[in-house]
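Report on one structure; see the data block that follows.
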Amino acid sequence: SDFLFGAWKRDTSAITLFSDGAGFIKDDGDTNIDLIAAYNAASTADYTRENAVGTLATAYKTYVVKVVTDANTLGIGTVYGYLDGDLAGTLGGPTSSILAHDEEWALGFAIRNGEAVAKTLTIDYVGWISER
């Protein structure tokens with residue numbers, strides 16, 4: 001199965017490709033959870049990615065994507081990925097232009113079953129916090 005949790009430009013095919021956003025993704029055929037960020041991506045090869053920041057488990061997990069931007073410079077920022085409260089990965093940095101600055105993002109998650117068998121996903125809650 002595939003899943004994607006995070007925030008991105010509104011898109012009807014986010015698992016296949018989203019052009020602008022950040023989040024956690026798990027690809028069909030593996031158990032690795034990757035942290036990704038995209039800015040005007042034309043293919044998944046354009047993602048800024050840290051592979052295998054976690055692995056899929058059957059127990060409940062807490063996923064947090066924290067995006068910190070530079071208020072003075074468009075597109076500059078850092079994406080932090082937390083799994084169960086622990087820092088799992090970091091993308092970008094104080095001089096990295098990896099974030100979309102010309103699009104509005106929305107909170108989202110996407111799920112796609114890659115097999116012909118039933119799968120179960122339980123979501124306790126989804127939330128968004130914005131500090132200014």
Side-chain angles (χ1 to χ4, degrees):
S1 300
D2 302 89
F3 70 70
L4 173 63
F5 296 106
W8 56 84
K9 175 182 160 183
R10 185 176 171 196
D11 193 328
T12 59
S13 59
I15 284 182
T16 305
L17 171 70
F18 68 86
S19 61
D20 299 284
F24 287 108
I25 193 168
K26 189 203 96 53
D27 303 313
D28 188 26
D30 70 23
T31 60
N32 294 331
I33 299 168
D34 306 329
L35 181 64
I36 59 173
Y39 172 48
N40 291 339
S43 74
T44 56
D46 295 332
Y47 291 170
T48 302
R49 180 185 291 253
E50 186 170 343
N51 290 320
V53 297
T55 55
L56 189 64
T58 56
Y60 282 96
K61 294 285 184 186
T62 302
Y63 299 88
V64 174
V65 177
K66 178 180 178 181
V67 178
V68 179
T69 61
D70 180 336
N72 299 311
T73 309
L74 295 176
I76 301 294
T78 308
V79 176
Y80 300 94
Y82 294 87
L83 295 174
D84 289 334
D86 296 324
L87 182 62
T90 304
L91 300 174
T95 60
S96 297
S97 182
I98 65 165
L99 300 174
H101 57 273
D102 56 350
E103 306 286 353
E104 294 180 354
W105 293 6
L107 177 67
F109 66 92
I111 305 161
R112 179 172 58 188
N113 188 3
E115 299 178 9
V117 297
K119 300 287 183 167
T120 301
L121 172 67
T122 303
I123 299 175
D124 190 22
Y125 64 92
V126 176
W128 177 279
I129 297 173
S130 179
E131 294 182 25
R132 296 178 190 254

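Side chains are part of it too, since the values below use all heavy atoms of this structure and drop only hydrogens, waters and symmetry mates. Residues: numbered from 1 along the sequence shown. All values reported here derive from a predicted model rather than from experimental measurement.
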>> I'd like to know if the side chain of D28 reaches the main chain of D2, judged simply by a donor and an acceptor atom lying under 3.5 Å from each other, with no hydrogens or angles considered.
In response: no
>> Between T69 and H101, does the side-chain contact (heavy atoms from CB on, under 4.5 Å) criterion hold? Intermediate values first, please.
In response: CA-CA 10 Å; T69 61; H101 57 273; over 6 Å; no
> Within a strict 4.5 Å, meaning less than it, do heavy atoms of the L4 and I36 side chains meet?
Replying inline: yes
> So, for A88 and E50, which heavy atoms are closest and what is the spacing to 0.1 Å?
Replying inline: O-OE2, 4.0 Å
> Which atoms form the tightest heavy-atom contact between L107 and G127, and what is the distance?
Replying inline: CD2-O, 3.7 Å
>> Please report the interatomic distance CG(N51) to CG(D34), rounded to the nearest 0.5 Å.
In response: 4.5 Å
>> With side-chain contact (heavy atoms from CB on, under 4.5 Å) as the test, pick out the partner of L91 among T78, I98, V67, V53.
In response: I98
>> Let me confirm one number: the OG1-NZ distance from T90 to K66, rounded to the nearest 0.5 Å.
In response: 10.0 Å
> So do the side chains of L35 and F24 get within less than 4.5 Å of each other, counting heavy atoms only?
Replying inline: yes
> Where the side chain of D70 meets the backbone of G77, is there a donor-acceptor pair that is under 3.5 Å apart?
Replying inline: no
> Counting only N and O atoms by type, is there a donor-acceptor contact under 3.5 Å from the side chain of N32 to the main-chain atoms of T55?
Replying inline: no
> Nearest heavy-atom pair of A100 and W105: which atoms, and what distance?
Replying inline: CB-NE1, 3.6 Å
> To the nearest 0.5 Å, how far apart are CD1 in I15 and CD1 in I25?
Replying inline: 7.0 Å
> How close do K26 and S1 get, heavy atom to heavy atom, and via which atoms?
Replying inline: NZ-O, 2.7 Å
>> Among residues at least two apart in sequence or on other chains, which ones pass ring-ring contact (aromatic ring centres under 6.0 Å, His included) with F18?
In response: W8, Y47
> Passes side-chain contact (heavy atoms from CB on, under 4.5 Å), F109 versus Y63? Steps please.
Replying inline: CA-CA 11 Å; F109 66 92; Y63 299 88; over 6 Å; no
> Do V126 and V65 belong together in a cluster built from hydrophobic side chains that touch within less than 4.5 Å?
Replying inline: yes
>> Rounded at 0.5 Å granularity, tell me how far CG in L99 sits from CG in L74.
In response: 10.5 Å
> Is there side-chain contact between R112 and T16, with at least one heavy-atom pair below 4.5 Å?
Replying inline: yes
>> Just so I know, are the side chains of D20 and N40 near enough to count as touching, which here means a heavy-atom distance under 4.5 Å?
In response: yes
> Under the 4.5 Å side-chain heavy-atom rule for ILVMFWY, direct or indirect, which residues accompany V68?
Replying inline: V64, Y80, Y82, L87
